[in-house]
Amino acid sequence: MAAASRAKPTYSEIAAAAGVSEATVSRVLNGDDRVHPDRAKRVRKAVEKLGYSRNRAAAALASGKTGLIAIVIEDDLGVFEDPFWATVSSGVSRVLMANELQTLLMVTQANTLSGPIAHYLDSGEVDGAIFFQLHRDTLVRSLSKHGLPVVVVGAPHKDSGLVYVDVDQRGGGHIATNHLFETGCERLATITGDIGTTAGRRRLDGFLDACSEAGYRAPKQFIMQGDFSFESGRASMKKLLAQKTMPDGVFCANDLMAAGALTAIEEAGLLCPDDIRIVGFDDSVIAQTARPPLTSVRQDITGLGETAASLMIKLLQGTKVTPVVLPTELVVRVSC
């Protein structure tokens, strides 16, 4: 009875006993034949000595589980440009690895989501998939209906019963815009994110809500459509500065675009916040290191990833879960 109640050895304990890395232990236990024979032999001896192999590995084989969770990202979101997504991914991986699950990163274009990616995810190669906010929900809903556990980072476009984690996007846009009014701005503009995503659309809605409450109607030419990239922020701000009457305050839908806007302001020989005030969104490292430091809407970026991973684990355990919406808050710095 005492042996049966003993806690199962962890990957870390097996790795220490075998003198290899935890990644090597994972590959051996998942049947990867590319591991050097000597290392594989040491791992097998360690799992046998620690009483791991018969109980856990056999159970994994019997259940048909792979121990892999896919992280699917649209490259259209600028994943390799914006540190936001790397921080979210880190939060996902940290929680999954603590639960002895490995991640498989899949980066794809939006127009290929229904091709090889869909086939792979539907083939039983992974135990679940975490999608970073998509332009379309069709694939996600299809995979979910076929029984694959799916979690989305970012609210889906339709209320289709999908499991997701998001932040209060609309509320964040609202508090950012209100702060611009409160600091004396009278001619407000916004550089939106990609409004094909719910984050881009809802941050714009928050801006419009606050403008309406203040009795202000932003001119059409003051609503610039960006795509969350640095260059779209820079280009949009150059257009705003070329207006006959330029704005005195701008809400940028993420910090990366706000950094681009600051560059355009500097290139025009103007100063922030003296000539124009800027508020960003994310409170990423970009906001903290920009010159001047950016006032920004803080969202729990790491927490988004950690929550997504926790929801995935609950789905794998058969636990009923509901969507999670995390709060936002404004962090005031020099730019506004």
Side-chain angles (χ1 to χ4, degrees), residues 74 76-78 82 84 110 132-137 152-159 164 166-182 185-240 243 246-261 264 276-284 286-287 294-299 301 304 325-330 335-336:
E74 281 187 25
D76 292 4
L77 291 174
D82 193 342
F84 172 87
F132 289 176
Q133 183 160 249
L134 304 175
H135 289 79
R136 299 188 304 274
D137 306 328
V152 181
V153 178
H157 293 279
K158 298 179 181 178
D159 184 12
Y164 68 88
D166 201 359
V167 301
D168 183 6
Q169 309 282 6
R170 190 166 188 159
H174 188 278
I175 60 174
T177 307
N178 263 348
H179 182 71
L180 287 163
F181 281 122
E182 290 169 355
C185 295
E186 297 178 345
R187 303 182 304 279
L188 265 61
T190 184
I191 303 174
T192 77
D194 180 352
I195 57 175
T197 66
T198 52
R201 179 69 248 180
R202 291 179 181 180
R203 292 176 195 183
L204 172 59
D205 288 340
F207 169 82
L208 296 174
D209 289 345
C211 287
S212 177
E213 291 169 9
Y216 171 78
R217 183 172 182 176
K220 184 178 180 180
Q221 64 270 25
F222 275 15
I223 300 177
M224 305 297 301
Q225 290 195 22
D227 60 11
F228 290 122
S229 69
F230 175 92
E231 188 51 41
S232 74
R234 179 173 174 268
S236 295
M237 179 55 75
K238 289 179 73 172
K239 291 178 182 177
L240 288 171
Q243 300 289 337
M246 70 179 192
D248 57 3
V250 180
F251 166 50
C252 299
N254 76 342
D255 291 339
L256 195 57
M257 290 194 303
I276 189 165
R277 296 176 182 270
I278 301 290
V279 177
F281 197 115
D282 287 340
D283 192 37
S284 64
I286 293 172
L294 274 169
T295 292
S296 183
V297 177
R298 174 180 291 168
Q299 58 173 319
I301 304 175
L304 275 170
V325 177
L326 303 175
T328 55
E329 62 177 317
L330 189 71
S335 72
C336 182

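- When every heavy atom of T198 is checked against every heavy atom of G154, the shortest pair comes out as OG1-C, 4.4 Å.
- Residues passing the salt bridge (Lys or Arg N to Asp or Glu O under 4.0 Å) test with D283 are R298, R333, sequence neighbours excluded.
- In terms of heavy atoms, T177 sits closest to G206 at OG1-O, 4.5 Å.
- Applying the side-chain hydrogen bond (donor to acceptor under 3.5 Å, both in side chains) criterion to E231, with sequence neighbours excluded, gives R234.
- Looking only at side-chain heavy atoms (C-beta outward), L240 and M246 stay at 4.5 Å or farther from each other.
- Considering every non-hydrogen atom in both V250 and M237, the closest pair reads CG2-CE, 3.7 Å.
- Legend: residues meeting side chain to side chain contact (heavy atoms under 4.5 Å, CB included) with R277, ordered by chain and number and at least two apart, are L180, T183, C185, P273, C336.
- The nearest pair of heavy atoms linking A253 to G193 is CB-N, 3.3 Å.
- Residues passing the side chain to side chain contact (heavy atoms under 4.5 Å, CB included) test with L330, sequence neighbours excluded: I175, H179, V279, T295, V297, V332.
- Rounding to the nearest 0.5 Å gives a distance of 12.0 Å between OG of S212 and CG of D205.
- Inter-residue side-chain proximity for C252 and F281 is flagged as unmet; no heavy-atom pair is nearer than 4.5 Å.
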N/O donor-acceptor pairs under 3.5 Å from side chains in residues 166-174, not counting sequence neighbours:
from : atom 1 : to   : atom 2 : distance (Å)
D166 : OD1    : Q169 : NE2    : 2.7
D166 : OD2    : A155 : N      : 3.1
D168 : OD1    : G171 : N      : 2.9
Q169 : OE1    : R203 : NE     : 2.7
Q169 : OE1    : R203 : NH2    : 2.9
R170 : NE     : D209 : OD2    : 2.7
R170 : NH2    : D209 : OD1    : 3.2
R170 : NH2    : D209 : OD2    : 3.3
H174 : ND1    : N178 : ND2    : 3.3
H174 : NE2    : E213 : OE1    : 2.8
H174 : NE2    : E213 : OE2    : 3.2

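- Put simply, the side chain of T190 does not reach to within 4.5 Å of the side chain of F222, judged on heavy atoms.
- Between F251 and I191, the closest side-chain pair of non-hydrogen atoms is not below 4.5 Å.
- Taking 4.5 Å as the limit, some side-chain heavy atom of T197 sits within range of a side-chain heavy atom of F228.
- Under the side chain to side chain contact (heavy atoms under 4.5 Å, CB included) criterion, E186 pairs with D248, sequence neighbours left out.
- In this structure, Y216 contributes its side chain and R187 its backbone to no donor-acceptor pair below 3.5 Å.
- With sequence neighbours left out, the side-chain hydrogen bond (donor to acceptor under 3.5 Å, both in side chains) criterion links N254 to D82.
- Expressed to the nearest 0.5 Å, how far CD1 of I301 lies from CG of D282 amounts to 5.0 Å.
- Side chains of Q299 and L326 form no contact here, defined as non-hydrogen atoms less than 4.5 Å apart.
- In terms of heavy-atom proximity, I276 sits nearest to P247 at CD1-O, 3.4 Å.
- In this structure, the side-chain hydrogen bond (donor to acceptor under 3.5 Å, both in side chains) partners of S284, at least two apart in sequence or on a different chain, are D255.
- Considering only residues two or more places apart in sequence or on other chains, S232 meets the side chain to side chain contact (heavy atoms under 4.5 Å, CB included) condition with D227, S229, M257.
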